[in-house]
Every structure is written in structure tokens, then in C-alpha cells.
*Asks:* 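One structure, pasted below without further comment.
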Amino acid sequence: MGAGKARWSRWIVWVCWITVLANTLIFIQPSKAQAAEAVNLQLEAKSAILIEASTGQVLYETNADQPMPPASMSKMMTEYLVMEAVKSGKISWDTIVSPSQYAVDVIGSGQLIGPGEKYTVKDLFGAMSIYSANDATVALAELVGGGSEAEFVKMMNDTAKKFGFNEASFFINSTGLSRADLGKYAPPGTEPDTMITARDAAVLARHIVIEHPEVLEYSSVPSKKFRETDKSPMINWNWMLEGNKDNPNFKSYVYQGLDGLKTGHTNEAGYCFTGTATRNGMRLISVVMNTPSEAKRFRETQKLLDYGYTTFEMKSVVPAKSPIDSLKAIPVKKGVKTEVPVVTADPVDFVVKKGETPQVTMEAAPLPELKSAPIQTGDVLGSVKVKYNEIEKTINLVASQDLEKGSWFRLMMRGIKNFFGGIFSGIADGLKNLF
């Protein structure tokens, strides 16, 4: 009996140890969100993030959801809304703008425009994107906001909500200046200064480069005169631009493929930078916030981008024009055949670690309502969801060949066959249930 009790006790101890070990392993297993933080790049930034533009996949992050003052990175939202206004036809690049006294008086970068002068939207947008000009930014905000920066700020915050910004993120003006900097032009209210997270900045930058890639035509310009008669050009605050490769002052900071996007600095925000570059067909977006110096914001950005390009690659997991095993054909109505083969309309690419074979799941389905013949090659007949980790993409399934409409006689005979087939099937089911 004593030996049995001893064996029983040892068994209980082993079970306890196994349980503790299992719980420990579960506890230390990194979550999907933590996976991007597993590598420590030792960044001298209070917040940072690195994403791939086409998928939005997060490749690295640290403190990315902490709202902080973004300084002039706020102007990315102004850029987006101005380009949206041009796209919608509300304004054009040639629209003439007469800046308000507020725009003329605003402090900080810029101070290019004078009272009573007139400029085109294109001129002002260039000054905002290249030189981070506060005066040009206010003038554009008032134009798009119907004469009021306050109305424009409402548009900024509405768009932030649409993009899924952190609930603690918000804008108080178009420039990113603090209330103290704005002085008598500070907006009424008791809310603090503009705050966004590094993740918000990356999301915003992604919307810009995907929906309005024309912004890169401005943000990639190293220097440009605001007026042809100006003695000196506007110098882009972004030292990393590939266009600076022959500039002895910035040559050591230049990054291959970098063409944007927005710097920012105030005493409260520190030195911030949202950068974007393209190499080997992969565009990355990086954000660093509150770095200790102007040079550091670029050195820390280089660390992020180097990590992205040396560690990850874009890999095609579903080629274009390929069949999906779970749905190789989709039924159609009134055709010479009752179904048509389908293939993927576009390829599906994901960012993976170099050398990794991504494991994906696919879920295919036809359109809610079946289409009627005639069907032409390329007609959309369904869709497939492809999921890798937490990223999901949906692409169309299209007909891989034409399908003619059936003759009235063929369709009539098919209808008769289906009718009687249904009757006989019903009789068979009834007899089966009866016996």
C-alpha cells in the first residue's frame, strides 16, 4: 500500500510539472502583434513602425500605438485631402488661391507668400510637400475647407475615423503646429495639441501612396524654387532622398529608392519622419517619432528600412490565371454547358521572411446570383479569400473561356430533364423514408 501511494504521489508531481510547463510555454508564446516586436533594433525613437505598403503587413513596431505630437507629419492628412479634392473635381491644380492673413502670418517653415498675392494649388502643394511650408498649408486647407481651416480640420478628423485611427488621435489644425506656436490663430477649445500614433501615420502614408502616388512627384524633389524669380530654392527637409546622392551635405544619408514622404519637428514632438522607399518591387513605409536629433530621425529610419529589405521579400502565393482546387468551375444559367471553368484574375502576393514558404488558407465562393450565358473570358463569376497570418486578400475568380448561350431547344430539353429528375428524386426519397 505504501509503495502504491508513493507511485501515486510521483504521478501527481509529474502531472503538475507537465501542467506548469505547458502553461509556461503557452504564456511565453508571442502573439501575432508581438511577433513584429521580436527583433530589437535599438532605435533611438520613442515610437516606430515599419509596414509594407501593398499589404499593410507590419514588419516591425515598438510603442506604435502611443499617441504623440506628430508636428509637420500632420501635413500628410492635408496632402491627402487636397489630392482628394483635385480628384473629385472640387478644385484643380490650376485653381488660383488668394491666401488669408492667417496664412501669411503663420510662423515656422515657409514664409514664402505675401498679402494680396495669388498662387496656384500646384505651387502651394509643392511648397507644402517639398519645404513643409506652413503658410502654403494653411492656404490650401482654407481653400478645401470652404474658407475655414476649422471646417478643414473636421474633414481631417472625419477621415482619420474612416481610416481607423486610434481613438486618442486627432487633429487641431492643418500644419501640426502647437497652440502656443499659433498664438492668436490657435483654434478655440480645451483639447490638447494634435496627437497621432506611429501606426496612424503609417496607415495614412499607405493611403496616400496607394490612392495618390502623384504625391511622390513632389515629395521626391530635393530642391525647387517657389517662384522662378526667387534667389534661392526651397530645400527639402528629407535628407534621405535618392535625388540627394550628389549633394555633399546629404550624401551620407541618401537611401536607394527613397522618394518620400514627410518630416516633422517641434519642441514637443522631437524629430519625426515618415519615410517610404521602393526596392525590388517592394515599397516599405517607416515611421519614427520623437528622435533626439535631426540626423537621428534619418539614421533610425535607415535601420528600419535596412531590416525590412534584408529580412523580408514579396512572394507570390497564388499566381494570376490559376485554378482554385476547391472551386474549379462555377454554375451558370442558360449556357450550352451548365458551368464554366474559372481562374484567379490577379496574383496574390504576401511579404514573408526570406526563404520562408508561406502557409495560406483559401476560401472560394461564386457570386450570390448566378450569371446567365453568354459568358466571355474574364467575366467575374466569384471570388476567393486568401489568408496568411492575420492578412487577408480577396481577388476575383473569372471565366477562363467563353460560353455561348444555349439554343431554346437545348434549354427546353434541359428544363424537362431537370423537372423529371426532380420528381423521380423526390419519389425515391419518399420511398426511402417510407421503408
Side-chain angles (χ1 to χ4, degrees), residues 30-37 45-85 87-88 141 144-145 151-176 191-213 215 260-262 264 269 272-276 283-290 304 308 348-351 383 385-395:
S31 67
K32 289 285 190 284
Q34 292 170 327
E37 300 177 349
K46 290 188 177 179
S47 177
I49 194 168
L50 177 70
I51 71 170
E52 192 280 322
S54 67
T55 62
Q57 286 176 249
V58 177
L59 310 182
Y60 181 90
E61 63 178 274
T62 178
N63 203 27
D65 294 310
Q66 176 64 46
M68 296 181 181
S72 284
M73 291 198 309
S74 296
K75 294 186 177 85
M76 290 193 295
M77 182 64 85
T78 304
E79 290 174 332
Y80 179 83
L81 291 174
V82 170
M83 290 184 290
E84 282 286 285
K87 182 179 179 180
S88 69
V144 177
E151 289 301 313
F152 185 80
V153 170
K154 290 180 182 178
M155 296 169 63
M156 296 175 79
N157 287 314
D158 287 344
T159 304
K161 289 180 181 178
K162 183 177 74 173
F163 288 170
F165 274 25
N166 189 300
E167 290 184 359
S169 297
F170 60 92
F171 298 90
I172 67 164
N173 57 40
S174 60
T175 59
E191 70 266 55
D193 294 337
T194 295
M195 303 283 279
I196 66 172
T197 69
R199 193 183 310 278
D200 296 335
V203 167
L204 176 54
R206 181 175 179 238
H207 277 280
I208 291 174
V209 298
I210 290 176
E211 297 174 36
H212 295 287
V215 74
L261 191 58
K262 194 71 201 73
C272 308
F273 181 43
T274 297
T276 183
R283 178 172 288 280
L284 299 183
I285 295 170
S286 63
V287 180
V288 293
M289 299 185 73
N290 206 317
L304 279 172
V348 178
D349 299 334
F350 287 109
V351 179
S383 64
K385 293 180 181 179
V386 185
K387 190 172 184 179
Y388 167 67
N389 288 342
E390 299 300 316
I391 305 296
E392 184 177 272
K393 286 187 175 183
T394 300
I395 55 170

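Just so it is clear, the model here is predicted, and its values are computed rather than measured. Scope of the values below: all heavy atoms of this structure, side chains included, with no hydrogens, waters or symmetry mates.
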*Asks:* Where do Met77 and Ile196 land on the side-chain contact (heavy atoms from CB on, under 4.5 Å) test, with the steps shown first?
*Replies:* CA-CA 11 Å; Met77 182 64 85; Ile196 66 172; over 6 Å; no

*Asks:* Checking side-chain polar atoms at under 3.5 Å, does Thr394 have a donor or acceptor matched by the opposite partner on Glu392?
*Replies:*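 Looking only at side-chain atoms, Glu392 and Thr394 do not form any donor-acceptor pair under 3.5 Å.
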
*Asks:* Grab the two heavy atoms, one from Gly176 and one from Ser74, that are nearest each other, plus how far apart they are.
*Replies:*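 That closest heavy-atom pairing would be CA-OG, 3.4 Å.
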
*Asks:* Hey, mind stepping through Asn166 and Thr197 against side-chain hydrogen bond (donor to acceptor under 3.5 Å, both in side chains) and telling me if it holds?
*Replies:* CA-CA 7 Å; Asn166 189 300; Thr197 69; 5.2 Å; no

*Asks:* Any side-chain heavy atom of Phe170 sitting closer than 4.5 Å to one from Pro192?
*Replies:*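 Phe170 vs Pro192: side chains touch.
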
*Asks:* Quick one: are Met289 and Gln66 in side-chain contact, heavy atoms under 4.5 Å?
*Replies:* no

*Asks:* Measure the CD1-CG distance between Ile49 and Asp65 for me, rounded to the nearest 0.5 Å.
*Replies:*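 So the gap between those two atoms works out to 7.0 Å.
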
*Asks:* Roughly how far, to the nearest 0.5 Å, is the CG atom of Leu59 from the CG atom of Leu284?
*Replies:* 6.0 Å

*Asks:* Considering all heavy atoms of both residues, which atom of Lys46 and which atom of Asn63 are nearest to each other, and what is their separation?
*Replies:* O-ND2, 2.9 Å

*Asks:* Could you tell me the separation between the CZ atom of Arg199 and the CD atom of Glu61, rounded to the nearest 0.5 Å?
*Replies:* 4.0 Å

*Asks:* Indicate yes or no: at least one non-hydrogen side-chain atom of Ser174 is less than 4.5 angstrom from one of Lys75.
*Replies:*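 No, every pair of side-chain atoms sits at 4.5 Å or beyond.
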
*Asks:* Side-chain contact test, heavy atoms from C-beta onward, threshold under 4.5 Å: evaluate it for Thr159 versus Glu84 and give yes or no.
*Replies:*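 Side chain of Thr159 against side chain of Glu84, heavy atoms only: no contact under 4.5 Å found.
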
*Asks:* In this structure, which one of Leu204, Asp200, Asn157 forms a side chain to side chain contact (heavy atoms under 4.5 Å, CB included) with Ser169?
*Replies:* Asp200

*Asks:* When rounded to the nearest 0.5 angstrom, what distance separates NZ in Lys262 from CE in Met76?
*Replies:* 8.5 Å

*Asks:* Does any non-hydrogen side-chain atom of Ile285 lie less than 4.5 Å from one of Thr274?
*Replies:* yes

*Asks:* The test is side-chain contact (heavy atoms from CB on, under 4.5 Å); show your working for Asn173 and Thr194 and say whether it passes.
*Replies:* CA-CA 7 Å; Asn173 57 40; Thr194 295; 4.3 Å; yes

*Asks:* Taking only residues two or more places apart in sequence or in another chain, which ones pass ring pair (Phe, Tyr, Trp, His ring centres under 6.0 Å) with Tyr80?
*Replies:*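 Counting only residues at least two positions away or on another chain, Tyr80 forms a ring pair (Phe, Tyr, Trp, His ring centres under 6.0 Å) with Phe163, His212.
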
*Asks:* So, for Arg206 and Ser54, which heavy atoms are closest and what is the spacing to 0.1 Å?
*Replies:* NH2-O, 2.9 Å

*Asks:* Using 0.5 Å steps for rounding, measure from the OG atom of Ser383 to the CD1 atom of Ile395.
*Replies:* 9.0 Å

*Asks:* Do Arg283 and Thr276 get their side chains close enough for a donor-acceptor pair, meaning under 3.5 Å?
*Replies:* yes

*Asks:* Find the distance between CD1 (Ile172) and CG (Asp193) and round it off to the nearest 0.5 Å.
*Replies:*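 So the gap between those two atoms works out to 4.5 Å.
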
